[in-house]
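As structure tokens, the structure follows; a few thoughts come after it.
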Amino acid sequence: MSIQSTLPSGQIVFDPRGSVTAATVTLAPRVGSLDGVRLGVLDNSKWNASRLLRRAVALLESDVAPSAINRYTKDSFSRVAPADLLDRIAAENDVVITAIGD
Amino acid sequence: MKQDHERDTAAGAAPSDPVDLVEWYFEQGWTDGLPVVPPTPDSVAAMVAALGGDADRLEARVPPRWGNLTREVLAINMVMAGCKPAYAPVVHAAILALCSSHFNLHGIQATTHMAAPLLVVNGPVRGEIGMNAGANVFGSGNRANATIGRAIRLILLNVGGAWPGDLDKSTLGHPGKYTFCIAENEEASPWAPYHVEQGYRPEDSAVFCIATEGPHSVTNHVADDPQGVLDSLVSAMSTIAHNNAVSSGSCAVVIGPEHATTIAGRGWTRGDVRRYLWAHTTNTFDDISFGGRYGKIYNRNLPKWYRREPGARIPIVPSPDDIHLFVAGGEAGRFSAFLPGWGHMTSPVLRAIDGSAPAGGERCVDGTCEL
């Protein structure tokens with residue numbers, strides 16, 4: 001509905017939500033195999049996330065033998081990662097894993 | 001829908017009976033759980049005019065839904081909250097401050113913690129619009145306090161999409177998520193107003209925003225000196241249970257006028273109070289690390305320079321400047337309050353009602369200052 005509309009009764013009502021401007025973003029191509037990939041590990045700095053990541057990386061190291069493991073840490077688990085950090089991760093890795101954990 | 005109505009009328013169909021618009025807004029899911037004031041074209045137009053006109057002007061995008069907050073959308077939510085047009089400058093300044101990047105509204109809206117944005121208003125605008133800075137300041141009974149805070153909450157819900165359980169993941173929430181807006185009692189305060197401490201002039205008006213829990217009452221009916229009053233505050237603040245203990249950041253303290261008079265009567269300044277509270281409000285490292293019961297704990301969310309060893313005293317915030325101190329409340333009663341903050345993930349912000357920056361406000365961007 002538009003921001004102002006009229007009910008069948010003739011009464012005027014307003015939509016308080018505001019529009020959302022969104023762009024369609026396509027997913028990056030999937031890697032066919034994890035063997036030998038450059039693996040990025042983004043630690044969001046929350047208490048239990050690093051535990052989960054350590055275990056996940058240990059399993060990946062034994063299962064798929066990444067050619068490199070690159071580790072990154074967010075300054076704050078709640079703030080969005082800086083754009084330059086995201087660009088670095090994208091440039092230096094084939095896949096990236098992250099985790100949250102309270 | 002307007003076209004449908006015209007088509008019905010043109011076809012000879014009689015308009016349906018009027019609906020209860022309060023119920024209609026409930027059915028759309030566009031309220032905070034309380035009845036809203038149904039906006040009319042006239043009331044929205046008056047509010048837009050009070051905001052400076054130009055209804056389609058985009059003021060902010062409100063996370064995490066990132067809804068576009070135009071002046072018209074802002075006006076609609078203000079009308080629904082019950083605001084008078086005279087409140088427009090305060091709501092406008094507050095929402096711009098909340099949407100500045102320093103504040104990290106995205107995180108505050110979505111967190112499992114209970115924090116909600118508290119607004120504290122300073123300057124002549126308090127009197128001009130009849131805000132309450134006195135008795136029951138955090139409570140009910142004043143239209144300006146109640147509806148300014150409620151307008152902000154409706155915007156956070158409707159435009160920001162912070163619907164409980166959906167984008168708002170707060171485990172418990174708190175009552176300040178209906179409305180959470182006070183004014184400093186500058187008239188009863190022995191010290192310069194908060195915004196003057198931050199570099200503004202007394203004749204400026206400003207709104208301060210910080211994400212906090214609800215207020216924790218601090219009772220002290222016996223102390224006749226600063227140390228005694230403040231040691232009760234220190235007791236309330238020194239606990240491992242709040243987010244400051246594990247995530248540092250900032251917090252708020254509200255000194256009741258009687259306590260403030262006692263403290264200032266011995267010559268203590270506002271800065272002295274903040275420094276005393278900071279120096280003595282600590283937990284031991286043993287307590288915040290649970291004595292090693294759950295393994296070795298470092299906690300990267302606390303400053304690097306804290307000593308992480310048995311017996312070390314750990315402040316709840318990194319510096320006295322991270323304790324934001326106000327005088328508010330009624331003139332009778334020996335009470336103050338502590339409001340724990342959310343953590344280092346947010347920075348409190350201060351914005352002048354007219355968007356001006358204070359002298360030397362190097363951390364101010366577009367009129368909002370990171371504190």
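Letters go in sequence order (proteins before strands), and every chain restarts at 1. Being a predicted model, the structure only gives us computed values, none of them experimental.
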- State, without any angle test, whether B:Asn68 and A:Ser19 hold a side-chain donor-acceptor pair at a distance under 3.5 Å. yes
- Within 45 degrees of the axis of the six-membered ring of B:Tyr298 and under 6.0 Å from its centre: does B:Arg308 put its NZ or CZ there? yes
- Query: Is the backbone of B:Arg57 close enough, under 3.5 Å, to the side chain of B:Arg71 for a donor and an acceptor to pair up by distance?
  - Reply: no
- Message: Can you confirm if the aromatic rings of B:Trp163 and B:Trp30 lie within a centre distance of less than 6.0 Å?
- Response: no
- Does any heavy atom of chain A fall under 4.5 Å from the side chain of B:Asn301, the backbone, both, or neither of them? side chain
- Taking B:Ser170 for the side chain and B:His113 for the main chain, is one N or O donor matched with an acceptor at less than 3.5 Å? yes
- Message: Within residues 24-33 of chain A, which residues come under 4.5 Å of chain B, heavy atom to heavy atom?
- Response: none
- Query: Checking heavy atoms, do the side chain of B:Val36, its backbone, both or neither come under 4.5 Å from chain A?
  - Reply: neither
- Note: vs chain A, highest number of non-hydrogen pairs under 4.5 angstrom among B:Thr111, B:Val44, B:Asn104 is B:Asn104
- Kindly state each residue pair satisfying ring-ring contact (aromatic ring centres under 6.0 Å, His included) with at least one member in residues 58-102 of chain A, sequence neighbours excluded. A:Trp47-A:Phe77, A:Phe77-B:His344
- Message: Can you tell me how the ring of B:His106 sits relative to the ring of B:Trp66, calling it parallel under 30°, perpendicular over 60° and tilted otherwise?
- Response: tilted
- Query: Using a distance-only test with no angle check, is there a side-chain donor-acceptor pair under 3.5 angstrom linking B:His242 and B:Glu213?
  - Reply: no
- Got a sec, which residues hit salt bridge (Lys or Arg N to Asp or Glu O under 4.0 Å) with A:Lys74, two or more places apart in sequence or on another chain? none
- Identify which part of B:Pro38 has an atom lying under 4.5 Å from any heavy atom of chain A, answering side chain, backbone, both or neither. neither
- Query: If you take all heavy atoms of B:Val79 and B:Val37, which pair is closest and at what distance?
  - Reply: O-CB, 3.2 Å
- Task: With a 4.5 Å cut-off on heavy-atom pairs, point out which of B:Leu69, B:Thr70, B:Val19 contacts chain A the most.
- Result: B:Val19
- Message: Between A:Ser9 and A:Gln11, do the side chains contain a donor N or O and an acceptor N or O under 3.5 Å apart?
- Response: yes
- Query: Highest number of heavy-atom pairs under 4.5 Å with chain B: which of A:Ser78, A:Pro16, A:Gly18, A:Ser76?
  - Reply: A:Pro16
- Any chance the side chains of B:Trp342 and B:Thr212 put a donor and an acceptor closer than 3.5 Å? no
- Does B:Asn244 reach the main-chain N or O of B:Ser248 with its side chain, forming a donor-acceptor pair under 3.5 Å? yes
- Query: Of the listed residues (B:Gly343, B:Ser16, B:Ala110), which shares the most heavy-atom pairs with chain A below a 4.5 Å separation?
  - Reply: B:Ser16
- Query: Is chain A contacted by the side chain of B:Arg300, its backbone, both, or neither, given a heavy-atom distance below 4.5 Å?
  - Reply: side chain
- Please determine if B:Lys177 and B:Asp32 form a salt bridge, counting it only when a charged side-chain N lies under 4.0 Å from a carboxylate O. no
- Task: Counting only heavy atoms closer than 4.5 Å, note whether B:Ser101 contacts chain A via side chain, backbone, both or neither.
- Result: backbone
- Between B:Thr40 and chain A, which part of the residue has a heavy atom less than 4.5 Å away: side chain, backbone, both or neither? backbone
- Residue by residue, scan residues 62-71 of chain A and write down, ordered by number, those that have a heavy-atom distance under 4.5 Å to chain B; if none do, write 'none'. none
